[in-house]
Protein chains: 2
Amino acid sequence: MTAEGGGVPLSERLARGDLMAKACPSREVLKHITSRWGVLVLLALRGGTHRFSELRRAIGGVSERMLAQTLQWLEGDGLVDRVAYEVVPPHVEYSLTPLGREAAEKVRGLADWIEVSLPRIVERWEEREGDS
Amino acid sequence: MTAEGGGVPLSERLARGDLMAKACPSREVLKHITSRWGVLVLLALRGGTHRFSELRRAIGGVSERMLAQTLQWLEGDGLVDRVAYEVVPPHVEYSLTPLGREAAEKVRGLADWIEVSLPRIVERWEEREGDS
DNA sequence: TACTTATATGTAAGTACTTACGGAAAGTAA
DNA sequence: TTACTTTCCGTAAGTACTTACATATAAGTA
C-alpha cells in the first residue's frame with residue numbers, strides 16, 4: 001500500500017521500533033506502559049470508563065500524584081482518553097482509546113500470567129531461603 | 001514468619017495473585033519482569049542461551065551493574081537459569097527456565113505490539129506538539 | 001613485568017521516581 | 001461561617017534506580 005505522508009518522511013511513518021536499540025523511541029513507550037502504575041491503570045481501564053477517584057480506589061497504593069502523572073503519560077501516547085467536565089468539584093473520566101485497548105490486551109496477557117503463576121514463583125523464593 | 005513450606009496454609013500456596021491489591025507479592029514479580037531491563041533480558045534470552053557479555057552487547061544501553069542485578073532478580077523468581085563454569089576468566093551462561101519461557105512469551109506479545117505500533121504512537125506525539 | 005580477558009562486587013555520586021503535604025476552584029450542607 | 005467535595009499542581013523530602021569507577025581472579029601474551 002502507498003503511504004500518504006503529509007510532510008513526514010516515509011521512513012519515519014513506516015519504521016517499526018526496535019526495543020533492543022538504545023536510542024529507539026519505543027523505549028519511551030515501554031517505560032510508560034510498564035511503569036509501576038501504568039500496567040495497573042491499563043488493567044483497570046479495561047473494565048470501561050472510570051473517574052479519577054474510582055481508579056485511585058481500584059488501584060491499591062497509588063498516590064493521587066502518581067496516578068495523575070501516569071494518566072498523563074498514557075494520554076500522551078494516545079492510549080488513554082481524558083474527558084473533563086467543567087464543573088466544580090471537578091469531574092474527569094478516563095477510558096481506553098482503540099490503541100489503548102490493544103495495549104491493554106497485551107498487558108492483560110502478562111498480568112494474568114503473573115497472577116496465575118505466582119504460587120509457582122513463590123515456591124522458588126521459599127526454596128532459595130533454605131539454600132543459604 | 002512462615003518461611004518453610006511445611007507450615008504454610010494450603011490456601012496460601014495455591015492462591016492466585018491479585019495485582020490490584022497493594023500488598024500482594026505479585027507486585028514484586030511484576031516489578032522484576034517489567035523493570036527497565038527485565039523486559040529486554042527476557043526478550044534477548046528467548047533466542048536461547050547467552051553469555052553475560054553477549055547479553056550486554058545485545059541489549060543496547062545496559063550497564064554491567066544493572067544487567068547483573070536484573071539477572072539476579074529474574075533468577076530469584078525462577079525465570080532465568082544461571083550456569084557458571086569455574087574458570088578464569090569467568091564463563092557464565094544464562095537461559096530461560098520453563099517458567100521463564102512462559103513469561104517471555106507474554107512479554108514478547110507486549111513488546112511486539114509496541115514495536116509495531118510505534119509509528120501510530122509517534123503520530124500522537126506529533127499531534128500534541130501542534131496543540132500547545 | 002605489565003596488560004588483557006570475563007564476570008561480577010563495592011562504593012560514591014547522580015538522576016529519576018514516589019510520596020507527603022498544602023493549595024486552588026465554586027458550590028452545597030451543617 | 002466553616003466544612004466538604006474532586007481533580008489536579010507545586011514544592012520539599014525521601015527512596016529507589018543507574019551509572020561510573022575501582023578491585024579481584026588466574027592464565028595467556030607482549
Side-chain angles (χ1 to χ4, degrees), chain A residues 19-23 25 27-42 44-45 49-77 80-95 132, chain B residues 19-20 22-23 25 27-42 44-45 49-77 80-95 131-132:
Chain A
L19 285 168
M20 290 303 174
K22 182 177 180 179
R27 285 273 178 94
E28 192 65 20
V29 179
L30 181 70
K31 184 161 77 179
H32 295 161
I33 293 180
T34 63
S35 68
R36 182 165 181 191
W37 307 113
V39 170
L40 303 181
V41 165
L42 288 175
L45 286 178
T49 299
H50 283 281
R51 292 189 60 173
F52 185 87
S53 53
E54 289 173 343
L55 286 173
R56 181 146 158 56
R57 239 170 294 124
I59 303 173
V62 226
S63 65
E64 291 183 358
R65 193 85 163 85
M66 274 301 100
L67 180 54
Q69 171 91 242
T70 301
L71 285 165
Q72 282 179 15
W73 285 337
L74 298 178
E75 191 198 352
D77 291 347
V80 165
D81 194 36
R82 177 180 184 276
V83 177
Y85 297 89
E86 292 299 325
V87 296
V88 171
H91 181 134
V92 182
E93 293 183 345
Y94 293 92
S95 57
S132 55
Chain B
L19 285 169
M20 290 303 175
K22 183 178 180 179
R27 285 272 178 97
E28 192 66 20
V29 179
L30 180 69
K31 184 161 75 179
H32 295 161
I33 293 180
T34 63
S35 69
R36 182 165 179 192
W37 307 113
V39 171
L40 303 182
V41 165
L42 289 175
L45 286 178
T49 299
H50 283 280
R51 292 189 61 173
F52 184 86
S53 52
E54 291 173 343
L55 285 173
R56 181 145 157 55
R57 239 170 294 126
I59 303 173
V62 226
S63 65
E64 290 182 0
R65 194 84 162 85
M66 274 302 100
L67 180 55
Q69 170 92 241
T70 302
L71 284 166
Q72 281 179 13
W73 285 337
L74 298 178
E75 191 197 351
D77 291 347
V80 164
D81 193 36
R82 177 182 185 276
V83 177
Y85 298 90
E86 293 297 325
V87 296
V88 171
H91 182 134
V92 183
E93 292 182 347
Y94 293 93
S95 58
D131 281 352
S132 55

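In what follows, every chain begins at residue 1, and chains take the letters A, B, ... in the order their sequences are listed.
Between the NE2 atom of His91(B) and the P atom of dA8(C) there is a distance of 11 Å, rounded to whole Å. Atom CD of Glu54(B) and atom C1' of dT7(C) are 13 Å apart (whole Å). As a whole-Å value, the separation of Gln69(A) CD from dT7(D) C1' is 15 Å. If you measure from atom CD1 of Ile59(B) to atom P of dT19(D), you get 12 Å, rounded to the nearest angstrom. As a whole-Å value, the separation of Met66(A) CE from dT7(D) P is 18 Å. When rounded to the nearest whole Å, the span between CG of Leu55(A) and P of dT7(D) equals 9 Å. The distance between atom CG of Leu67(A) and atom C1' of dA20(C), rounded to the nearest whole Å, is 16 Å. Across the protein-nucleic acid pair, Glu86(A) atom CD and dT6(D) atom P stand 17 Å apart, rounded to whole Å.
Partners of Pro25(A) under the side-chain contact (heavy atoms from CB on, under 4.5 Å) rule, at least two apart in sequence or in another chain, are Leu118(B), Trp125(B). Applying the side-chain contact (heavy atoms from CB on, under 4.5 Å) rule to Gln72(A) yields no partners; only residues at least two apart in sequence or on another chain are considered. Applying the side-chain contact (heavy atoms from CB on, under 4.5 Å) rule to Val87(B) yields the partners Tyr85(B), His91(B); only residues at least two apart in sequence or on another chain are considered. Listed by chain and residue number, Arg82(B), Val92(B) satisfy the side-chain contact (heavy atoms from CB on, under 4.5 Å) test with Ala84(B) (two or more places apart in sequence, or in another chain).
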Scoring nucleotides 21-30 of chain D by protein non-hydrogen atoms under 4.0 Å (B base, S sugar-phosphate only, - none) yields -----B----
Considering only distance and modelled atom types, tabulate donor-acceptor pairs under 3.5 Å from the side chains of residues 32-40 of chain B, sequence neighbours left out.
{"unit_1": "His32(B)", "atom_1": "ND1", "unit_2": "Asp77(B)", "atom_2": "OD1", "d": "3.4"}
{"unit_1": "His32(B)", "atom_1": "ND1", "unit_2": "Asp77(B)", "atom_2": "OD2", "d": "2.6"}
{"unit_1": "His32(B)", "atom_1": "NE2", "unit_2": "Glu28(B)", "atom_2": "OE2", "d": "3.3"}
{"unit_1": "Thr34(B)", "atom_1": "OG1", "unit_2": "Leu30(B)", "atom_2": "O", "d": "2.6"}
{"unit_1": "Ser35(B)", "atom_1": "OG", "unit_2": "His32(B)", "atom_2": "O", "d": "2.9"}
{"unit_1": "Ser35(B)", "atom_1": "OG", "unit_2": "Gly38(B)", "atom_2": "N", "d": "3.0"}

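Distances shown here put a side-chain N or O of Tyr94(A) below 4.0 Å from the OP1 or OP2 atom of dC8(D). Listed pair Arg51(A) / dT7(D) meets the phosphate criterion, a side-chain N or O lying under 4.0 Å from OP1 or OP2.
Gln72(A) comes within 4.0 angstrom of the backbone, heavy atoms only, and of no base. In this structure, Tyr85(B) reaches neither bases nor backbone, as no heavy-atom distance under 4.0 Å exists between it and the strands shown.
Mapping Trp37(A) and Glu93(B) onto DNA chain C by nearest heavy atom places Glu93(B) closer to the 5' end of the strand.
Considering only side-chain atoms of Lys31(A), the nucleotide from dC9(D), dT7(D), dC17(C) that sits closest is dC17(C). When each of dT18(D), dT7(C), dC8(D) is scored by its nearest atom to the side-chain atoms of Arg82(B), the top-ranked nucleotide is dT7(C). For Ser53(A), the listed nucleotide lying nearest its side chain is dT7(D); candidates were dT7(D), dA8(C), dC8(D). When distances are taken from the side chain of Arg36(B) to each of dT19(D), dT7(C), dT18(C), the shortest belongs to dT19(D). If you check dA8(C), dT18(D), dC8(D) against the side chain of Ala68(B), the one that comes closest is dA8(C).
Between Met20(A) and Ile59(B) there is a side-chain heavy-atom pair separated by less than 4.5 Å. With contacts defined as side-chain heavy-atom distances shorter than 4.5 Å, the pair Leu74(B)/Leu45(B) does not qualify.
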Decide yes or no on side-chain contact (heavy atoms from CB on, under 4.5 Å) for Glu54(A) and Tyr94(A), but give the supporting numbers first. CA-CA 10 Å; Glu54(A) 289 173 343; Tyr94(A) 293 92; over 6 Å; no
